[in-house]
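This one's a predicted model, so the numbers in the text were calculated from it and none came from an experiment.
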Amino acid sequence: MNMNIRDERQLSALTGLTQAQFDQLLPIFSAVYQAQRQASYEQAVQTGQRQRKPGGDRQSKLATPAAKLLFVLYYYKTYPTFDVLGTHFNLARSKAHRQLYQLSPILHETLVQLAMMPRRAFQTVADLTLALKGIDQIIMDATEHAYRRPQAAEQQRAHYSGKKTAYAQEHCDHGTTKVIVFLGHTFPGHSHDYTMLKAELPPDLDWFADLLVRVDLGYLGIQTDYVGERIERPHKKPRKSKQQPETCLTPVQKAENKALSQVRIAIEHAIGGMKRYNILVHRFRNHRENFHDHVIAICAALWNFSLAY
């Protein structure tokens, strides 16, 4: 491996983690990797596809668990092309490609075992209550991620964000303080924030009956469609009309909007924390099916991990 990391600042720039956090993650990552490798070996022996014992293969350029963890975190943090990634780790482009798709699920499982992965779906209100662990308030928001322009015209229409030549994927995030508790699945770029919420948490269940919920103006209608007396949404400035040519919020409404925004800033910090990983900042290039959804879950879990350790 050609990469020599000189200090913790450089490690953080390349992986998004401090040395202490990297050291905390490494033993679990190594155990998950060894368990999956052993399971793969036993399956190959049973099917007659392998006779050699583990360790009899050609030595990998990523010889240690630390090198493997550094490799996959470096990809998520800096998001290089596979040619550049292979150059940094002394791998051919095809080897770098294969290693990334082999190691990424192992990182995902590592974060699952550490209980850092946000929930992706709730079947009942009780499931949501259990995930909140006694906390009675949540903040909700959505974010988008630039996406490559699909070749098919139908897919272009689905992913078009409404902005000039911009294509995107949308995600719905629910958090408590800065911790991401729930991460919705990926939606096409033209999806509205409130539409995604209704798809993930249908209004026919009383999700927010006992919760303090804070949202932005993108969730217009939530106070009507959902049960809950503590749903807070900013006041919207009324439109101008002949009857009301001068429109503005009252001082009280402005003060209430300011107070709400000062609390809701936590979800913006959480989204920004996920986007420390450049794979969520640059236009998404990977073509593997469902990999985008896999990626944002890992980045959210890494953010939760950085808060916990």
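With sequence neighbours excluded, the residues satisfying side-chain hydrogen bond (donor to acceptor under 3.5 Å, both in side chains) with Q19 are D23. Annotation: ring-ring contact (aromatic ring centres under 6.0 Å, His included) contacts of Y194 (sequence neighbours excluded): none. With sequence neighbours left out, the ring-ring contact (aromatic ring centres under 6.0 Å, His included) criterion links H108 to H294. For Y101, the ring-ring contact (aromatic ring centres under 6.0 Å, His included) partners two or more places apart in sequence, or in a different chain, are H97, F291. With sequence neighbours left out, the side-chain hydrogen bond (donor to acceptor under 3.5 Å, both in side chains) criterion links Y226 to no other residue. When the salt bridge (Lys or Arg N to Asp or Glu O under 4.0 Å) test is applied to R276, no partner is found at least two apart in sequence or on another chain.
Residues L73 and F22 have side chains in contact (heavy-atom distance under 4.5 Å, counting atoms from C-beta outward). Residues Y277 and I298 have side chains not in contact (no heavy-atom distance under 4.5 Å, counting atoms from C-beta outward). A 4.5 Å side-chain heavy-atom check between T15 and Q21 finds every atom pair outside the cut-off. Taking 4.5 Å as the limit, every side-chain heavy atom of V215 sits out of range of all side-chain heavy atoms of D193. Using a 4.5 Å cut-off on side-chain heavy atoms (C-beta onward), F29 and L103 make contact.
A donor-acceptor pair is defined here as one N or O able to donate and one able to accept, closer than 3.5 Å; such a pair exists between the side chain of Q10 and the backbone of R6. Side chain of N304 to backbone of M116: a donor-acceptor contact under 3.5 angstrom is found. Checked by atom type and distance alone, the side chain of T87 pairs as donor or acceptor with a backbone atom of D83 at under 3.5 Å. Checked by atom type and distance alone, the side chain of R230 pairs as donor or acceptor with a backbone atom of D210 at under 3.5 Å. Between the N278 side chain and the K77 main chain, a donor and an acceptor come within less than 3.5 Å of each other. With hydrogens and angles disregarded, no donor-acceptor distance shorter than 3.5 Å links the side chain of E232 to the backbone of L212. Side-chain N or O atoms of D206 include none that pairs as donor or acceptor with a backbone N or O of V227 at under 3.5 Å. A donor-acceptor pair is defined here as one N or O able to donate and one able to accept, closer than 3.5 Å; such a pair exists between the side chain of T47 and the backbone of Q43. Formation of a donor-acceptor pair under 3.5 Å by the R214 side chain with backbone atoms of S261 is not found in this model. Between the side chain of Q223 and the main chain of I231, a donor-acceptor pair closer than 3.5 Å is present.
Y74 contributes atom OH, which lies 12.5 Å from atom CG of L100 (distance to the nearest 0.5 angstrom). The line from CD of Q99 to OG of S94 is 10.5 Å long, rounded to the nearest 0.5 Å. Put simply, CH2 on W303 and CG on L307 are 4.5 Å apart, with the number rounded to the nearest 0.5 Å. Residue T64 holds its OG1 atom at 10.0 Å from OH of Y33, rounded to the nearest 0.5 Å. Taken from CD1 in I135 to OG1 in T129, the straight-line distance is 12.0 Å, to the nearest 0.5 Å. Considering CG of L260 and CG of D216, their distance stands at 9.0 Å, rounded to 0.5 Å.
At most 12 non-hydrogen atoms from other residues, nucleotides or ligands lie less than 6.0 angstrom from NZ of K95.
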TODO: Verify side chain to side chain contact (heavy atoms under 4.5 Å, CB included) between L91 and L85, making sure each step is shown before the conclusion.
DONE: CA-CA 8 Å; L91 294 168; L85 181 65; over 6 Å; no
TODO: Give the intermediate values and the outcome of side chain to side chain contact (heavy atoms under 4.5 Å, CB included) for residues L217 and R233.
DONE: CA-CA 6 Å; L217 285 172; R233 185 182 61 81; 3.3 Å; yes
TODO: Start with the C-alpha distance between F208 and I138, add both sets of side-chain angles, then the distance that settles side chain to side chain contact (heavy atoms under 4.5 Å, CB included), and finish with yes or no.
DONE: CA-CA 9 Å; F208 310 137; I138 58 174; 4.0 Å; yes
TODO: Quick one: do M117 and V112 satisfy side chain to side chain contact (heavy atoms under 4.5 Å, CB included)? Show the steps, please.
DONE: CA-CA 5 Å; M117 191 65 63; V112 169; 4.1 Å; yes
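Side-chain heavy atoms closer than 4.5 Å link hydrophobic residues (I, L, V, M, F, W, Y) into clusters, and following such links, even through other members, never connects V213 to L220.
Under the 3.5 Å distance criterion, with hydrogens and angles disregarded, a donor-acceptor pair is assigned to the side chains of N286 and Y79.
For the side chain to side chain contact (heavy atoms under 4.5 Å, CB included) criterion with V72, the lone passing option out of L62, L107, I106 is L107.
L197 and M140 make their closest contact through CD1-SD, 3.8 Å (heavy atoms, listed as atom of the first residue, atom of the second, distance).
The aromatic rings of F82 and Y75 sit parallel, their planes meeting at an angle under 30°, below the 60° perpendicular limit.
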